[in-house]
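Read the structure below first, then the notes.
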Number of protein chains: 2
Amino acid sequence: MPKASTGKPTIVDVAEKAGVSRATASRALSNYGRINAATQLHVRRVAEELGYRPNEVAKAMRRGKTKTIGLVIVADFTNAFFDRATKGVVDAARELGYQVLITNTNEDLAAERSAIITLIEKQVDGLIVVPAATAIPDHLTPDQLDNKPIVFIDRRIDGLQVTSITTEDFQGAEEAVRHVLSLGHKRLGFLIAASGVAGFTQERPPLLLSTVEDRINGFAKAASDGGIKPKMQTWLYCEDLPSASEAAVMRLLDQPKPPSVILTSNNDMALAVLKVAGNRQLTIGKDISLVTIDDSQWLEAMSPGITVVARPVEELSRIAVEKLVANIEEPGQPEEQIALPVELVARGSVANLILRPELWME
Amino acid sequence: MPKASTGKPTIVDVAEKAGVSRATASRALSNYGRINAATQLHVRRVAEELGYRPNEVAKAMRRGKTKTIGLVIVADFTNAFFDRATKGVVDAARELGYQVLITNTNEDLAAERSAIITLIEKQVDGLIVVPAATAIPDHLTPDQLDNKPIVFIDRRIDGLQVTSITTEDFQGAEEAVRHVLSLGHKRLGFLIAASGVAGFTQERPPLLLSTVEDRINGFAKAASDGGIKPKMQTWLYCEDLPSASEAAVMRLLDQPKPPSVILTSNNDMALAVLKVAGNRQLTIGKDISLVTIDDSQWLEAMSPGITVVARPVEELSRIAVEKLVANIEEPGQPEEQIALPVELVARGSVANLILRPELWME
DNA sequence: AGGATTTGTGAGAACGTTCTCGCAAGTCTC
DNA sequence: GAGACTTGCGAGAACGTTCTCACAAATCCT
């Protein structure tokens, strides 16, 4: 009497029914070691017939590899980064035979820490992280990471020897400023998203994400290179919250001599500019100009389209996955800091003050 | 001489160092069965000291539960559904102690099939799926699913006894039409995203996603109830592609008697309207009106803001996770078809033809 | 005080794979 | 035709947990 084949068929059931040993069945199905072609075919047929599905957990257990990578990301609604990066990572991973375990930190260090612990416990083979920290955190040590490879995306943590895939934010910011200067703008407003501040402030906060830091430096460099005096620049560092950013925009506009253009460090800030402009019946690209960072279909579809620094987020994600998988499958790859080029996409949101000087009141 | 403690410490190492058996160590750490409080404390201390991290794969193996749910979603850039749903699912799952394995079908049945097989092999405890199919597919049978619970979101598959969490798309569409009628619109253009058509067509394709179907029916019902004759309505079914949808919008506008308002079935279509309007210097809310389904911060921030039927996507995701987990932890829950209420958010994208009849040429 | 119950622990099987050996039979080499 | 090599397969350990069972010691009850 055959054993009660209760539940899902395992490889034992297949082996039994095919009249071979577990080992042979395994070889036949997973295609390794020495196996007679006829036997293999037979086993596979039997497996098919039985509706056998391998148990990947058992495989992972035995092999010490889960074929899974962990994604630790900050999910943010407007920031197009989240969905584009997630999609990029998931698709690239699948192509390389990996699945993605996704976790979300709300830009919160404690959440990031616990997410990473969970992922490590789940035995992911590697991690892709958008690090929330700016200083070197203690949960990213090789020990805590179980010596699993890790790749940062979007942000570096300077001083930490970790592969990171970012974009040329400094150059992008520079280019944005050069663009507005070339159109005759002379009074510039900068609206910078900064975690750690409440509301908004003119003082530059000490700790900023590398991405933000780069953008600030790029903005500042190009402004200075363009001969824009500090008093012609207004810098506002702002909590990443609609209420705060809208208040900051109003402050910008309510100065005695308001800027003719606002450059924002991310799309949350751009959104605030759009809203306040809408409320005040100001026309973008005429009454007030706007440049932001990170493209989106919406920014393109608006009238006028918003001029942006477009970042190759999908490509960034792909590369991150490729680097990670390379390091998983052949450990000991050198760390790299890769920054992908960005592109200024000029649309109609920046007024041409040279052709139409009437738009600019000194 | 103690055993060479190579690699990461396991529960055996903890047990050894604590001077207890594996079983006791397990009890101490996982908090079950009978265990002396002092022993437990001691074991935990030792574990801490050793930097022990449980191996969740081994746990899953033994327990037959991975504490992981699979998410099968269609990643789509503009469709705000993807990111909002993903975030909703991930957050809700974490709160209930589950992790999320995410896969992306590009609205492709074969990809969906293979994604589901992979997830089942990875032994997820349950699945949340945005089904691409409209007819009953063979990869969603209990057998293929290993009897794992499954919940559909965003779409039903009629005739399949599966719990689904959707929104009241019929009512939302109705309300959208009632809204435009109340503002005096009489000639209506409907732009419906439809997979399976090439370009666009006036003939209604046979197989549509339940969501789309509901929206069409809602639109049609309210138009008919409002006394809008068929010849005052133009229906275009359109491939979900920028080129196709923009061509469709142009066709809509280039009719001898174009509609005063376009109602779109999703935001890809709305995007096309915005772009074409922008190209033709038509002002939204004046020269042409627009209503779409699914809100986004961008639609709110534009000037004028776009009137939308807002759907509670995060709530939908939460409920899906809760229902799924309930069914995982206590199998045999009844199937439910839940549809969450939607809300019309009136903004400035629909012209008031009653107050300003000059905007309307008969 | 003696039996009944409770408490705490350990031995060992089990989850479903893969992998290392070893061995028998077949094939090559000269 | 005898040794060397190759091929194909099976036995059994291993991965790191949990869980069942058994049992000794401690506690309870009357």
Exercise. Could you pull out all residues at least two apart from B:Arg156 that satisfy side chain to side chain donor-acceptor pair (under 3.5 Å)?
Key: B:Asp158, B:Asp214
Practice problem: Starting from C1' on D:dC23, measure out to CZ on B:Arg34 and report it in whole angstrom. | Solution: 14 Å
Quiz item: Mind checking what makes side chain to side chain donor-acceptor pair (under 3.5 Å) contact with A:Tyr98, not counting sequence neighbours?
Solution: A:Glu329
Practice problem: Sorted by first residue and then second, give each side chain to side chain donor-acceptor pair (under 3.5 Å) pair with at least one member in residues 143-153 of chain A; sequence neighbours left out. | Solution: A:Asp143-B:Lys8
Quiz prompt | Those residues that, when tested against A:Thr105, pass side chain to side chain donor-acceptor pair (under 3.5 Å) (two or more places apart) | solution = none
For residues 57-65 of chain B, which side-chain donor-acceptor pairs fall under 3.5 Å, sequence neighbours excluded?
none

Quiz item: So does B:Ser21 get a side-chain nitrogen or oxygen closer than 4.0 Å to the phosphate oxygens (OP1/OP2) of C:dG10?
Solution: yes
Practice problem: Can you sort out the partners of A:Ala339 under side chain to side chain contact (heavy atoms under 4.5 Å, CB included), two or more places apart, ordered by chain and number? | Solution: A:Thr166, A:Glu168
Quiz item: Between B:Arg53 (CZ) and D:dT17 (P), how many Å, whole number?
Solution: 12 Å
Quiz item: Could you give the CD-to-P distance, from B:Glu16 to D:dG16, as a whole number of Å?
Solution: 13 Å
Exercise. To the nearest Å, give me how far apart CG (A:Asp13) and C1' (C:dC15) are.
Key: 13 Å
Quiz item: Tell me: CD of B:Gln123 to C1' of C:dC15, nearest whole Å?
Solution: 11 Å
Quiz item: What's the CD1-P distance between A:Ile35 and D:dT7, to the nearest Å?
Solution: 14 Å
Practice problem: Pull out every residue in residues 36-46 of chain B that has a heavy atom closer than 4.0 Å to any atom of DNA chain D, ordered by number, or say none. | Solution: none
Quiz prompt | Euclidean distance, atom CG of residue A:Asn55 to atom P of C:dA14 [Å, nearest integer] | solution = 18 Å
Kindly give the atom pairs (protein nitrogen or oxygen, nucleotide nitrogen or oxygen) under 3.5 Å for nucleotides 18-21 of chain C.
residue: C:dT18; atom: OP1; partner: A:Ser30; partner atom: OG; Å: 2.9
residue: C:dT18; atom: OP2; partner: A:Ser26; partner atom: OG; Å: 2.2
residue: C:dT18; atom: O2; partner: A:Arg62; partner atom: NH1; Å: 2.1
residue: C:dT18; atom: O4; partner: A:Arg22; partner atom: NH2; Å: 3.3

Quiz item: Which nucleotide in the set D:dG10, D:dC9, C:dT7 lies at the smallest distance from any side-chain heavy atom of A:Val20?
Solution: D:dG10
Quiz item: Is A:Glu121 paired with B:Arg53 through a side-chain N to carboxylate O contact shorter than 4.0 Å?
Solution: yes
Quiz prompt | Any residue meeting side chain to side chain donor-acceptor pair (under 3.5 Å) with B:Ser164, in chain and number order, not counting sequence neighbours | solution = B:Gln337
Exercise. Rounded off to whole Å, could you give me the NZ-to-P distance for the A:Lys8 and C:dT17 pair?
Key: 13 Å
Quiz prompt | Sidechain N-carboxylate O distance under 4.0 Å for A:Lys17, A:Asp13 | solution = no
